[in-house]
Amino acid sequence: MSNIAFIGLGNMGTPMALNLIKAGRQLAVHDLLPANMDKLAAAGARAAATARDAVAGADIVITMLPASQHVEGLYLGGDLLAHIDPRALVIECSTIAPESARKVAAAAQARGISMLDAPVSGGTAGAAAGTLTFIVGGEDQALARARPVLEQMGKNIFHAGPAGAGQVAKICNNMLLGILMAGTAEALSLGVANGLDPKVLSDIIAKSSGRNWATELYNPWPGVMEHAPASKGYAGGFGSDLMLKDLGLAGEAAQATRASIPLGALARNLYALHGAAGHGKLDFSSILKLYQQD
Ligand code: NAD
């Protein structure tokens, strides 16, 4: 039975780690905010005061942090890699720049440690249900070792290519998600401004050609879907600032290759305006607020 260190217990990390405990894994957990470890400790995990303490004796290290700077800070800012057993496997699940993922994987490799970038899709509901999609970059052998653990947190596992490829695929997906959420908010707002009931219009779109993930599972209009963040004051879920970060990553990837992403750039600007209006901590479906008329 492997020992797992799980670092980063926010909206995603907490339910993912809880699923590993449910599956019978031994976990040591760590988060910069001690209160974020309470739920896991109550479920049987060992709460570690430092990342170094968490990785001691771990066969598998999983991280789920906000952005590139947190991941680089953790793995490259100090001597954490020196405290990870060279036989251990590191599975980095945050959404970060492909370049950061490659840099951290190379530093791990230099110490003989295998590392995968394995960003996820499926949101907090997918994390809680254990139905996440993992989009993996790295070597075949490392993925074969990771698979049994990933299967305890997710349903679909894709091998996108070598180190960093998981992040590239994830960034493409999230750019599309940012565009489609803004588009869905725009369409619903237009319908409501013209006298339609948002639930009736959502039901129509969900069975018509404008149908998408937001209309099926994550409607941005409050009250249309009981379990969506929109119906809970846009609390929890996927923060607007995190979506802004991912659209920024798409911009960097486009810049590096001279690719055109006019809609992605527009969506990034909408999320930047939304954040500047003070909504950065709300779930990203709150982009609807940009369209609402008083
Ligand atoms: P979050 O902000 O809720 O959680 C991040 C956690 O990391 C926080 O608890 C924070 O205290 C902790 N942390 C930060 N730096 C740390 C460090 N050095 N050591 C230990 N803990 C540290 O974010 P989230 O919503 O859980 O998202 C995590 C990642 O997953 C992000 O990259 C995000 O883009 C991605 N993601 C999120 C969703 C979603 O629906 N929320 C979906 C798919 C992917």
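Everything quoted here is computed from the prediction, not taken from an experiment. Hydrogens, waters and symmetry mates play no part in the numbers below; they use all other heavy atoms, side chains included. Both counts, for ligands and for their atoms, begin at 1 and track the order of listing. Starting from 1, each residue takes its place in the sequence as its number.
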Open item on the list: Between the side chains of D79 and R52, is the shortest nitrogen-to-carboxylate-oxygen separation below 4.0 Å, so that they form an ion pair?
Closed with: yes
Open item on the list: Tell me every residue that passes side-chain hydrogen bond (donor to acceptor under 3.5 Å, both in side chains) with R46, counting only those two or more places apart in sequence or in another chain.
Closed with: D53
- [ ] Could you pull out all residues at least two apart from D38 that satisfy side-chain hydrogen bond (donor to acceptor under 3.5 Å, both in side chains)?
- [x] none
Open item on the list: Going by side-chain hydrogen bond (donor to acceptor under 3.5 Å, both in side chains), name the residues that satisfy it together with D197, two or more places apart in sequence or in a different chain.
Closed with: none
Per-pair distances, ligand 1 N/O vs protein N/O, less than 3.5 Å:
from: ligand 1; atom 1: 3 (O); to: N11; atom 2: N; distance (Å): 2.9
from: ligand 1; atom 1: 9 (O); to: D31; atom 2: OD1; distance (Å): 3.3
from: ligand 1; atom 1: 9 (O); to: D31; atom 2: OD2; distance (Å): 2.7
from: ligand 1; atom 1: 9 (O); to: N36; atom 2: ND2; distance (Å): 2.9
from: ligand 1; atom 1: 11 (O); to: D31; atom 2: OD1; distance (Å): 2.6
from: ligand 1; atom 1: 21 (N); to: L32; atom 2: N; distance (Å): 3.3
from: ligand 1; atom 1: 26 (O); to: N11; atom 2: N; distance (Å): 3.3
from: ligand 1; atom 1: 26 (O); to: M12; atom 2: N; distance (Å): 2.9
from: ligand 1; atom 1: 32 (O); to: L65; atom 2: O; distance (Å): 3.1
from: ligand 1; atom 1: 32 (O); to: P66; atom 2: O; distance (Å): 2.7
from: ligand 1; atom 1: 32 (O); to: T95; atom 2: N; distance (Å): 2.9
from: ligand 1; atom 1: 32 (O); to: K245; atom 2: NZ; distance (Å): 3.0
from: ligand 1; atom 1: 34 (O); to: K245; atom 2: NZ; distance (Å): 2.8
from: ligand 1; atom 1: 41 (N); to: G237; atom 2: O; distance (Å): 3.0

Open item on the list: Determine whether V192 and W221 satisfy the following criterion, side-chain contact (heavy atoms from CB on, under 4.5 Å), listing intermediate values before the conclusion.
Closed with: CA-CA 10 Å; V192 171; W221 203 283; 3.5 Å; yes
- [ ] Is it possible for you to say whether F238 and I96 belong to one hydrophobic cluster, with membership spreading through side-chain heavy-atom contacts below 4.5 Å?
- [x] no
